[in-house]
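Below: one structure, written as C-alpha cells.
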Amino acid sequence: MSTSTHIGRRNFLGWLGGSALIGALPGIALAGDNTVKESEFKPDLELELRAAPDKVSIWAGTPTNVWRYQAKVLKGDKRAVTSLPDSYLGPIIRVSKGTKVRINFINDLPQASVVHWHGLIVPEVMDGHPRYAVPPGGKYLYEFEVGNRAGTYWFHPHPHGHTGEQVYGGLAGLFIVTDDEERALKLPDDKQDVALVIQDRSFTRDNQLRYVGGGQGMGGMMGRMNGFTGDQIMVNGRPDFTLKAERKPYRLRFLNGSNSRIYKLAWHDGTPLTVIGTDGGLLAAPVSRPYVTLAPAERVELWVDFSSRKAGEELTLKSLSFSTSNGGGMMRGGMMGGGGGLANGAEFSVLKVKVEKGAAVAGKLPERLASIEALNPSEAGNFKAPRVFSVTAGRMQWGLNGRVFEMEAVADDEVVKLGTTEVWQFENEASMGMMGGMPHPLHVHGVQYRIIERSVQPGALSAWNSLSAGFVDEGWKDVVLVMPGERVQVLIRFNNYPGLFVYHCHNLEHEDMGMMRNFLIKS
Ligand code: C2O
Ligand code: CU
Ligand code: CU
C-alpha cells in the first residue's frame, strides 16, 4: 500500500529537481558556483568533503548502494580525519576548540544538497540552511573557527524536503571537538574512546536500502506522519554490532542518527548508566540513569568501566520498550513507521560488548567534569512570558504554531535580538486529540541551550512515564524530546552570530514535510 523507493543509482536519476536554490549569499564574496574567491581566512585544517553514490558490502552477496561522505585532508593534521571501517557513514572529524576549519564541499549526488554542522555554532552562511543547497555537481565552501566546547557534534545534509532521504542513504558523520578543560580530565581516550552511531534501516531482498518517506494513500501518509522506522538496527553502519572491549574504563559516545526512532538504552542486566555528556559536551558532574532516552539527533556520552567485568563476559545494550502515545487517535499503541516491522517503542538489542581477556585496569571517573554555570532562568528578559512554539497538526501535516517551512519567510514572532536571552517554550499539546499525539525532538540551529523545566498533562503520563527517567536534561543541549502532552522550557542566549537560522523537528520525515521554520537573530 505504501510507496517504497529503492535507494540506488538508477532510481536516484529520476529524482532530480528538488530544492536547488542558489541565492546571493550575504557577507561573503562568491564566484559562480558558491566558491569564495579570495579570503583572509587562514585555515589550520583544510578538507575536501565529497558526497557521492557508493557501494558498501553490508550483507553477504550484492553490495548495498549508498550515499556517502568521503573526506581528504588537504592541509593540516592528517589524523584529524578517520573513517569507520566498512561503513556507509561519513568520516569522523576531530579538532580542538579554536581550530580554523576550511571544508570544500563537493556535491556529487544526483540531488541538491548542503551540509549542516549539527550543534556547532557557526555564521549563518556556514550553517547549511536549505536555501544554500547546491545542485548536482555544485560546490560550497565552508570556513569557520570552531568555537564550541568539547563535545560530540555531527554533520548531515539539510536540503529542504530531502534531508530524510539523504541521511537515510548514508550521509552523516561525526565532528568531535576537544578542549583544554576536557583534556585535563584524562578521560578514556584512544581505543577507549568509542563513537557509536545508532540508526535503523530496512533492506530489500537484494540488499538495497528501502525508504518510505512519502507516497500517496494511507501507507504513505502514515509513513510521513509517524516518520520512518526500519526493522534492522545498525551501529556505525553495521548490523549485529559487537564492541570488543578491554577490561578498562571506556568513554562511549552515542549519536542517534536515525530518521525518527527513539532509543531507550539500557544494559541487559540492569546496571545503571553513568552519563558524562550530552549534545553540547560534558556535564558538570556525572549522573546515573537506569536507562537513557535518546531521541533523533541527540548525543549522550557514557563512562563504562569494563574492568569490573569478567574476561569473556558478554553484555547486551538494549533498547527497552516504551510507548509514544497515550492512546486514542489513529496512532495508538506501538507506532508503526513507514518502514514497517519494528515499531518505535519495541524492545530489541542495539549492540553487544565482548569483554576480552587480560588484566583488569580499573579507572576512576572525576567527580567534577566541567564548569557549567548554574541555570538562572530569570536572566531571560521574557522569563515571565516565554516565547511559545506549539506543535500543530494540520491536514495530515505537522507544523509549528500552525505554520510550515517557507524558504525565506520569518514571522514577526520569529525574530529575536542578538545579545538577548530568552525562554522558549515548546508545547506538544494541541495535537493530542486528533492524532493521539507523538513525540517530537525539537532542535534549534545557531545555539546551545539549557533545559529549564518540563511539565506534562495528567492525561499524558502513561507515555511520558515510559521514557522520562532516561532524560538527561543537565548540561548544554541542542535537541530536546517533547513528549505528547508535554511542555518544555529552555533558556537560550542569542549571543553568537546574527542571521537567518532554522528550528525544526528532528524527526526527519517531519522536517521534510515542513515542520521547520526560519528564525532571525537580528543584530
Ligand atoms: Cu541536525 Cu537542522 O539539523
Ligand atoms: Cu542542527
Ligand atoms: Cu516531529
Side-chain angles (χ1 to χ4, degrees), residues 90 113-122 124 126-133 148 151-164 166-168 171-175 197 199 223-229 255-262 279-280 295-299 324-325 331 335 337 344 389-394 396-401 404-405 426-428 430-431 435-449 476-484 486 488 492 496 500-519:
S113 197
V114 65
V115 187
H116 168 57
W117 315 95
H118 182 122
L120 292 182
I121 296 169
V122 297
E124 173 201 68
M126 301 301 161
D127 194 51
H129 188 285
R131 72 191 187 285
Y132 298 140
N148 283 67
T152 307
Y153 307 96
W154 64 299
F155 57 98
H156 61 77
H158 221 297
H160 184 50
H162 295 274
T163 297
Q166 292 189 8
V167 171
Y168 189 78
L171 295 167
L174 288 162
F175 199 111
V197 182
Q199 297 175 309
R224 271 197 308 276
M225 289 306 282
N226 284 343
F228 176 90
T229 47
L255 159 66
N256 181 352
S258 310
N259 284 32
S260 80
R261 185 179 292 282
I262 299 164
D279 302 345
E298 282 188 308
R299 287 85 71 204
T324 53
S325 121
M331 295 185 198
M335 194 179 299
N344 207 351
F389 297 95
S390 289
V391 172
T392 46
M396 294 305 134
Q397 164 72 60
W398 295 110
L400 292 160
N401 283 346
V404 293
F405 186 63
F426 300 123
E427 299 185 357
N428 186 8
S431 68
M435 305 300 297
M438 69 173 290
H440 298 278
L442 297 179
H443 172 50
V444 187
H445 284 216
V447 295
Q448 288 282 330
Y449 52 74
W476 291 98
K477 293 286 292 170
D478 55 53
V479 180
V480 65
L481 184 65
V482 188
M483 292 295 286
E486 188 177 37
V488 181
I492 313 181
N496 300 295
L500 194 66
F501 294 89
V502 290
Y503 63 101
H504 60 87
C505 180
H506 220 292
N507 177 317
L508 296 182
E509 286 68 43
H510 294 182
E511 174 183 342
D512 279 342
M513 71 160 69
M515 196 180 179
M516 171 160 73
R517 291 288 301 173
N518 287 318
F519 75 101

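For ligands, and for the atoms within them, numbers begin at 1 and follow the listed sequence. Here, residue 1 is the first one in the sequence, and each next residue gets the next number.
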TODO: Taking atom 2 (Cu) of ligand 1 as the vertex, measure the angle between atom NE2 in H158 and atom NE2 in H445; round to 10°.
DONE: 100°
TODO: Measure from atom 2 (Cu) of ligand 1 to each N, O or S atom of H118 and report whether any distance is below 2.8 Å.
DONE: no
Open item on the list: Of all the N, O or S atoms in H510, which has the shortest distance to the Cu ion (ligand 3)?
Closed with: ND1
TODO: May I ask you to check whether H445 and H504 place their ring centers less than 6.0 Å from one another?
DONE: yes
Open item on the list: Looking only at N, O or S atoms in H504, which is nearest to atom 2 (Cu) of ligand 1?
Closed with: NE2
Task: Note, L508 side chain near E511 side chain (heavy atom, < 4.5 Å) - done: yes
Task: Contact flag H440/the Cu ion (ligand 3), N/O/S atoms, threshold under 2.8 Å - done: yes
Task: Heavy-atom side-chain contact between T229 and S260 under 4.5 Å - done: yes
- [ ] For residues L442 and Y449, report the shortest heavy-atom separation together with the two atoms involved.
- [x] O-OH, 3.0 Å
Open item on the list: Between atom 1 (Cu) of ligand 1 and H506, which N, O or S atom of the residue is the nearest one?
Closed with: NE2
- [ ] Please check if the distance between the ring centroids of H158 and H129 is under 6.0 Å.
- [x] no
